[in-house]
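Accompanying notes for the structure given below.
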Amino acid sequence: MTDTRFDPSTADGRWQRAWDEARCFEADSNSARPKSYVLEMFPYPSGRIHIGHVRNYTMGDVLARYKKMRGFEVLHPMGWDAFGMPAENAAMEKGVHPGGWTRENIANMKAQLKRIGFALDWSREIATCEPDYYGHEQALFLDLYEAGLVYRRQSEVNWDPVDMTVLANEQVIDGKGWRSGADVEKRKLDQWFLRITQFADDLLEGLGTLEKWPDKVRLMQENWIGKSQGLEFSFTLSNGESLPVYTTRPDTIFGATFVAVAADHPVARSLDNEAARAFIALCKKGGTTAAELETAEKLGFDTGLTARHPFTGAPLPVYIANFVLMDYGTGAIMAVPGHDQRDFEFATKYGLPIPRVVAADPADANKPFGTEAEAGDGVLVNSDFLDGMAVEAAKREVIARAEAEGWGKGTTVWRLRDWGVSRQRYWGTPIPFIHCAACGVVPVPKDQLPVVLPEDVDFKTPGNPLLRHSTWKHTTCPKCGAAAERETDTLDTFVDSSWYFLRFASQPADRPFDPEEVAKWLPVEQYIGGIEHAILHLLYARFWTRALQHIGQIDFAEPFASLFTQGMVTHATLELEYEDPLTGEKTGKTSYLLPEEVEWQGDKAFWRDAKNNLKPVKVGRVIKMSKSKKNVVDPDTIIARYGADAVRWFMLSDSPPERDLPWSEAGIEGCWRFVQRLWRLFGQYDGAAEGEDKALLRKLHQTVAAVAEDIEALSFNKAVARLYELASAIDKAALSATRAHAIRTMAQLVSPMMPHLAEEGWVAMGGEGLVAMAAWPAVDPALLVEDEVTIAVQHKGKLRDTLTVAKGLPQAELEALALASANVQRSLDGAPVRKVIVVPDRLVNIVT
RNA sequence: GCGGGUGUGGCGGAAUGGUAGACGCCGGGGACUUAAAAUCCCCUGAGCUUUGCUCGUGCGGGUUCGAGUCCCGCCACCCGCACCA
């Protein structure tokens, strides 16, 4: 066999073509094998595959290839989350068409993915921006409309008054539009909503069945749904009107010292008062995000109205407050400054009283507050009939009294809000409705779908091109035939990603999916993606699946049986300080460098200038790779240099997959060396060698079992460590039939991770067919157990000695051996033994 | 601000409440070579009075024969917050 180096530049492409020709990775839904659906979150086609994608898809690929070797019929598809803002930004900045830009990006990224050797079923590829995808989405949207799950109402958006356009939250920077720099305003528009709140309880309950989801994601979703029990009641205002409020802390009702309403609350808007209008206008400034609202300084406006306290009859001042949300509860609150931080800050600012009604101990009833509210548990004080009660009992008591006296009732309130899906943008799925002056809002008949986006649009003027288009929106009413206008809002791209996993299972031309095929493949056995999707995407996909179940199109509620959230790929930032070209002095200005532009000497980085001088480079913090910081590596560059397998191996090594992975030149070099080391090992395969090596055989079987276990647990870093150990054991072993067998088995074991090298070695060692199609090696359980164990001997909890003994040695013998140890005797130094703890096959701890 | 997570040698990390630091990287020493690259072997948490002892898993407490692991209180960093995907 050859002793030259493994050459990925020729081998990678050769095997990628071989897999394509054998159509290895096309899923056959008629197969009798057990099925396994492995899915990674599909990418946005930004133009280039990011190293984070490589990590994500390598993990899924290892699992998919492994499952195939274990005899499963594997569905491992790939597609493109192809609608969204970046395409429109590119159109505005570079004058390209969003569709052309997106499709070109898809072609580039697909070629990149192919070069990494992923075992993907490209015959099922989808792009959400094509009418043969989004047309079916429009049909599903109409189905949900018929089921009463779609409605329209007014909702706030970020409005840029200079660009005359709606801004996304990320386009609002410090309350100003990112392009215009103008102060952003909140503006109300008629928008489309999905009734996700109808499934709130169900989505919450369903979390309990998702045993293979990370606890943290389930907890985040639970908190997001935010089920709370509270009291809804109405204050009578001094003008005679009634003001409904909702509180989750009815127990603290005697601590209420004021009432606050949202800026867009009817009570606020009805004030005939210049100062009030000015204050409401002030509240309209700034963005719409929760983070912004909650960190902004608490501001209020005294309406002059008072509200009558339901128990004491005291008049409480009514404020308009910028921290009260119209979307949650009733848009009005009873404020209890002692026991709510926001109310506390507000009361402090406006000099309102802060009484204590909950104390850790009844004796602390008049203990003053520090600089913060106390939201914790305790006993009610200063609260009339509630005094002495625990918080929970007091909540029940107040609700019971309110209900008995008829002025309020116990209510369940959800933090979860309905899903606003309207986007005032071009590059998205057109919402299939028509506005008719006579008939109102009319759905587009299904036989007229898809409503296709016009291609002839321009982005020279700001705003939605669909609104400006000369013909597109003009149509006729499907009901009365009169002239009418199309809806110009498009759907949130989260809608596109809420059902793509169904379309992968089957792609009929006349329907969104074939229910029988979906039943065969779904739910997804393993879903892999970033933690940043823990709430929105995953909750919306769960909702959409439930909605389809609700209308009888599918018969399961949860799309993803098992979820894994992987960490990011990170790298230090590299900064070079400019020097004045004439004087050579530092200018204080710096620029970021790409990792490939620096040279390392130990942990110091340098940049080589045009005159071949080395300039020191400042190595910054290790952070998520981002284009703006230039701390990125391009998958194509490193694959060209090291081959796909070394890159794949790096993605799996060292860092646990759920944690961040710091990219390093030294690390990828190490992976490259291991690729070559395995290649040399394959070269040592000798099919004619004789003799058994029991120790190596044991190590081999232990490794096969452990690697299988690690891959199934997605603990790739541990599997990698095991394979390093096995490689070292084989290296050290003398020539034998066992050694040859182990070398050949190694090709199978690394095949999910380094498939090109594995194929090349497999064929060189006379393996039949493709190793990608070979079976996973069998394990002999008898070879997994060791017959000797090492026992730790401790005295005073510290290690004093170790003993190597036969497995299963009785406790009394272990104890005797431990006490006989010279190290133990020296440590004991004659002290009397009080107690000996023996854990069989593990340790002996002597207590004195 | 609210919700969630993470923290172990110079670095990435391993460790069913039971020998902390597996495995890899970096570094040091050696072999091979005219030389280099490549490769192979050995060493590599800190300190000390070095057959061994002490300290050591972000910080401060606690439970336990025994704590990286369990409990309480902090600190730092990361993710999400509903129109980025």
Side-chain angles (χ1 to χ4, degrees), chain A residues 5 41 43-44 46 81 83-86 157-158 166-172 191 214-217 219-224 226 288-296 323 327 341-342 345 415-425 492-494 497 530-537 539-540 565 567-568 570 600 602-603 621-624 653-656 658-662 664-667 669-671 673-674 676-677 680 717-718 720-725 728 731 790-794 796-802 822-823 826-827 834-837 839 842-848:
Chain A
R5 303 189 118 203
M41 291 178 186
Y44 178 79
S46 58
D81 190 11
F83 274 137
M85 286 202 313
V157 293
N158 299 307
V166 174
L167 298 177
N169 284 335
E170 69 159 15
Q171 298 174 321
V172 179
Q191 307 203 58
D215 288 342
K216 61 179 174 185
V217 175
L219 196 54
M220 280 191 258
Q221 292 211 351
E222 185 184 327
N223 290 337
W224 186 264
T288 57
T289 72
E292 214 167 329
L293 294 174
E294 286 174 35
T295 49
F323 66 91
D327 286 332
Q341 185 58 26
R342 292 165 300 183
E345 287 170 30
R415 208 186 77 97
L416 182 68
R417 306 199 301 259
D418 276 336
W419 176 13
V421 294
S422 276
R423 297 293 180 270
Q424 295 70 36
R425 278 186 254 289
D492 180 7
T493 56
F494 275 127
S497 54
I531 186 67
E532 66 274 19
H533 295 293
I535 296 174
L536 294 182
H537 162 57
L539 192 65
Y540 292 148
T565 55
M568 300 176 299
T570 58
W600 291 92
D603 55 0
R621 288 203 311 138
V622 177
I623 55 168
K624 178 179 181 167
S653 303
D654 295 352
S655 287
E658 69 277 11
R659 290 234 215 126
D660 290 350
L661 170 68
S664 86
E665 286 300 317
E669 289 281 349
C671 293
R673 283 199 295 272
F674 187 65
Q676 298 304 338
R677 183 175 164 202
R680 285 193 301 275
N717 58 319
K718 292 192 226 169
V720 163
R722 298 279 190 181
L723 291 166
Y724 275 120
E725 282 185 49
S728 294
D731 264 338
T790 306
I791 306 284
V793 182
Q794 298 181 333
K796 289 195 249 178
K798 290 201 175 65
L799 184 72
R800 301 298 165 180
D801 203 356
T802 56
N823 285 353
R826 185 173 41 248
S827 178
R834 283 200 295 136
K835 194 170 163 191
V836 179
I837 286 151
V839 182
R842 281 230 167 240
L843 103 168
V844 180
N845 189 9
I846 298 157
V847 186
T848 53

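It should be emphasised that the depicted structure is a prediction, and the values quoted were computed from it without experimental measurement. Side chains included, hydrogens not; waters and symmetry mates left out as well; all remaining heavy atoms used. Order of the sequence lines sets the chain letters (A, B, ...), proteins ahead of strands, with each chain counted from 1.
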Exercise. If you pin Phe83(A) and Glu294(A) to their nearest nucleotides in RNA chain B, which one's is more 5'?
Worked result: Glu294(A)
Problem set entry | First of Ile531(A) and Arg659(A) reached from the 5' end of RNA chain B, by closest nucleotide |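 It is Arg659(A), whose closest nucleotide lies nearer the 5' terminus.
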Watson-Crick or G-U wobble partner of [N], both distances under 3.5 Å:
N      : result
C2(B)  : G80(B)
G47(B) : C53(B)
G24(B) : C11(B)
C40(B) : G30(B)

Exercise. Less than 3.5 Å between a donor and an acceptor, one on the side chain of Glu532(A) and one on the base of C84(B), is that the case here?
Worked result: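 Side chain to base: no pair present.
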For [X], report the nucleic acid contact type (base, sugar-phosphate, nothing); a contact means any heavy atom under 4.0 Å.
X         : value
Glu345(A) : nothing
Thr493(A) : sugar-phosphate
His537(A) : nothing
Val157(A) : base
Trp224(A) : base
Gln676(A) : nothing
Arg415(A) : base
Gly530(A) : nothing
Leu293(A) : nothing
Ser497(A) : nothing

Heavy-atom closest contact ([X] atom, [Y] atom, distance):
X         : Y         : answer
Gly84(A)  : Tyr44(A)  : O-OH, 4.0 Å
Leu799(A) : Ala792(A) : CD1-CB, 3.7 Å
Leu661(A) : Ser653(A) : CD1-O, 4.1 Å
Asn223(A) : Arg415(A) : O-NE, 3.4 Å
Val836(A) : Val844(A) : CG1-CG1, 3.6 Å
Gln171(A) : Val166(A) : OE1-O, 4.2 Å

Please state the [atom1] separation for the pair [N] and [M] - nearest whole angstrom.
N      : M      : atom1 : answer
G7(B)  : C59(B) : P     : 13 Å
G12(B) : G45(B) : C1'   : 16 Å
G56(B) : C48(B) : C1'   : 15 Å
U39(B) : C26(B) : P     : 10 Å
C78(B) : G13(B) : P     : 16 Å
U19(B) : A38(B) : C1'   : 38 Å
U16(B) : G66(B) : C1'   : 16 Å
A67(B) : U57(B) : P     : 11 Å

Measure from [atom1] on [X] to [atom2] on [N] and round the result to the nearest Å.
X         : N      : atom1 : atom2 : answer
Phe494(A) : C84(B) : CZ    : C1'   : 8 Å
Arg826(A) : U54(B) : CZ    : C1'   : 15 Å
Glu292(A) : G1(B)  : CD    : P     : 15 Å
Glu170(A) : C79(B) : CD    : C1'   : 16 Å
Asp81(A)  : C83(B) : CG    : P     : 15 Å
Leu536(A) : C83(B) : CG    : P     : 7 Å
Glu669(A) : C26(B) : CD    : P     : 8 Å
Glu658(A) : C78(B) : CD    : C1'   : 14 Å

[X], nearest nucleotide to its side chain (from [options]):
X         : options                : answer
Arg5(A)   : C83(B), A38(B), A82(B) : A38(B)
Lys798(A) : C78(B), C55(B), A85(B) : C55(B)
Ser655(A) : G13(B), C65(B), A85(B) : G13(B)
Asn823(A) : A85(B), C83(B), G52(B) : G52(B)
Ala291(A) : G1(B), G3(B), A85(B)   : G1(B)
Pro656(A) : A14(B), C84(B), C81(B) : A14(B)
Leu219(A) : G4(B), G1(B), C84(B)   : G4(B)

For this session: Take the angle between the ring planes of Tyr724(A) and Phe674(A) and call it parallel below 30°, perpendicular above 60°, tilted in between.
Result: tilted
[N] phosphate, OP1 or OP2: any side-chain N/O from [X] under 4.0 angstrom?
X         : N      : result
Arg417(A) : A82(B) : no
Asn158(A) : C83(B) : no
Arg680(A) : C40(B) : yes
Arg800(A) : U54(B) : yes
Asn169(A) : A82(B) : yes

For this session: Taking syn as within 90° of 0 and anti otherwise, name the glycosidic form of G61(B).
Result: anti
pair [X]-[Y]: side-chain heavy atoms closer than 4.5 Å:
X         : Y         : answer
Ile846(A) : Arg800(A) : no
Ile531(A) : Met220(A) : yes
Trp224(A) : Leu416(A) : yes

For this session: Any chance you could measure Thr493(A), atom OG1, to Met85(A), atom CE, to the nearest 0.5 Å?
Result: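 These two atoms lie 9.0 Å from each other.
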Restricting to nitrogen or oxygen on both sides, can you table the protein-nucleotides 16-25 of chain B pairs closer than 3.5 Å?
unit_1: U16(B); atom_1: O4; unit_2: Arg842(A); atom_2: NE; d: 3.1
unit_1: G18(B); atom_1: N2; unit_2: Asn845(A); atom_2: ND2; d: 3.3

Problem set entry | Donor-acceptor pair between Arg677(A) and Ser728(A) side chains, under 3.5 angstrom |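 The criterion, which ignores hydrogens and geometry beyond distance, is satisfied for Ser728(A) and Arg677(A).
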